[in-house]
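Let me begin by presenting the structure, written as structure tokens, before commenting on it.
For clarity, every value in this text was computed on a predicted model and none was experimentally measured. For ligands, and for the atoms within them, numbers begin at 1 and follow the listed sequence.
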Amino acid sequence: MSRKLVVGNWKMHGSRAQVGELLEALKAGSARAQGVGVAVCPPFPYLAQAVGLLAGTDIGVGAQNLAVETAGAYTGEVSGEMLADVGCRYVIVGHSERRTLYGEDSALVARKYKAATEQGLVPILCVGEQLSEREAGTTEQVVAAQLDAVLDLCGEAALASALIAYEPVWAIGTGKVATPEQAQAVHAFIRGRVARGADTPTLLYGGSVKPDNAAGLFVQQDVDGGLIGGASLDADHFLAICEAARS
Ligand code: 13P
């Protein structure tokens, strides 16, 4: 896979003013990301603003979550149909913060994955182990179970050319990045489990990716890009990470 993909997960950060500033800076610096696929995932209230500001650019927009249902009496929920309607291309499903803070289990994540594809969105499926699971040597079993929930519900073809982010939970927001070798090993495992013939997934690494460690990760054979949290809120840092994905 040659063209890398760098996605910014803004989490619950931003204001109308900040969204405007950040996206204008990304547009102004887009030459630094030439040849790299780029997308941003702002909070729900700013999605339409982001789609408007990025119209005519190659920067895609994604949401951070979606409901399983399409419409109805589900107070506080946002459907994939709505996300597609406002111009989203991507949606993150199964982020570890959703799994741990909001109790989303792998069965629910799989239903969200299915709902996203049914609405024509590209789901970014997040998987990854806790520190205790890595220390216990069960990383592959944990990741396999997270993948299997989607495979069981949606079928093998659904993941064969999917967008999957490996985000070790111990590396998220901690400044403790996985080593390039650790990332590569899990990515190779994921590819081996879901690729089918010529169809192969795009595998993003996420967890404390910064301008100074991005190149070492992106050079790994099975690392096709990154899902960037904190560093995606700073235009210069995010563009520097995109730049590292060019070579
Ligand atoms: P950080 O880059 O802030 O560690 O967050 C990673 C992440 O959770 C992206 O989805």
Item to check | Contact partition for Leu227 relative to ligand 1, non-hydrogen atoms under 4.0 Å | outcome: both
Checklist entry - Considering only heavy atoms of Ser208, which atoms of ligand 1 have at least one such atom less than 4.0 Å away? => result 1 (P), 2 (O), 4 (O)
Checklist entry - Which ligand 1 atoms, with their elements, are less than 4.0 angstrom from a heavy-atom of Gly207? => result 4 (O), 6 (C)
Next on the checklist: Looking at Lys27, I'd like to know if its NZ atom is crowded, meaning that more than 12 non-hydrogen atoms belonging to other residues, nucleotides or ligands lie closer than 6.0 Å.
Outcome noted: yes
Checklist entry - Charged N to carboxylate O below 4.0 Å: is that the case for Arg191 and Asp222? => result yes
Next on the checklist: Can you name the atoms of ligand 1, numbered from 1 with element, that are less than 4.0 Å from a heavy atom of Asn9?
Outcome noted: 9 (C), 10 (O)
Checklist entry - When you look at Glu129 and Trp170, which way does the side chain to side chain donor-acceptor pair (under 3.5 Å) test go after all the steps? => result CA-CA 8 Å; Glu129 81 287 4; Trp170 47 272; 2.9 Å; yes
Checklist outcome for this item: One should read off an interatomic distance between Leu83 CG and Asp85 CG, to the nearest 0.5 angstrom, of 9.5 Å
Checklist entry - Polar-atom distance check: Glu97 versus ligand 1, any N or O pair below 3.5 Å? => result no
Next on the checklist: Using only atom types and a distance under 3.5 Å, with no angle test, would you say the side chain of Gln130 pairs donor to acceptor with the backbone of Val169?
Outcome noted: no
Checklist outcome for this item: Heavy-atom nearest pair, Gln220 first then Pro180, reads NE2-CB, 3.3 Å
Checklist entry - When clusters are formed by joining ILVMFWY residues with side-chain heavy atoms under 4.5 Å apart, either directly or through shared neighbours, do Val127 and Leu108 land in the same one? => result no
Checklist entry - Among protein heavy atoms, which sits nearest to atom 5 (O) of ligand 1, and what does the distance come to when rounded to 0.1 Å? => result Lys11 NZ, 3.2 Å
Checklist entry - Starting from atom 3 (O) of ligand 1, which protein heavy atom do you reach first, and at what distance in Å? => result Gly230 N, 2.8 Å
Checklist outcome for this item: For His95, the ligand 1 atoms with a heavy-atom partner under 4.0 Å come out as 7 (C), 8 (O), 9 (C), 10 (O)
Next on the checklist: Checking the N or O distance criterion of under 3.5 Å, is ligand 1 in contact with Gly173?
Outcome noted: yes
Checklist entry - For ligand 1, is there an atom lying under 4.0 Å from some heavy atom of Ala231? => result no
Checklist entry - Listed by chain and number, what are the side chain to side chain donor-acceptor pair (under 3.5 Å) partners of Arg111, not counting sequence neighbours? => result none
Next on the checklist: Counting only heavy atoms closer than 4.0 Å, does ligand 1 sit against the backbone of Ala171, its side chain, both, or neither?
Outcome noted: backbone
Item to check | Residues Glu104 and Arg99 bridged, charged N to O under 4.0 Å | outcome: no
Checklist entry - Looking only at protein heavy atoms, which one is nearest to atom 2 (O) of ligand 1, and how far off is it? => result Gly229 N, 3.0 Å
Checklist entry - What is the closest protein heavy atom to atom 9 (C) of ligand 1, and at what distance does it sit? => result Glu167 OE2, 2.9 Å
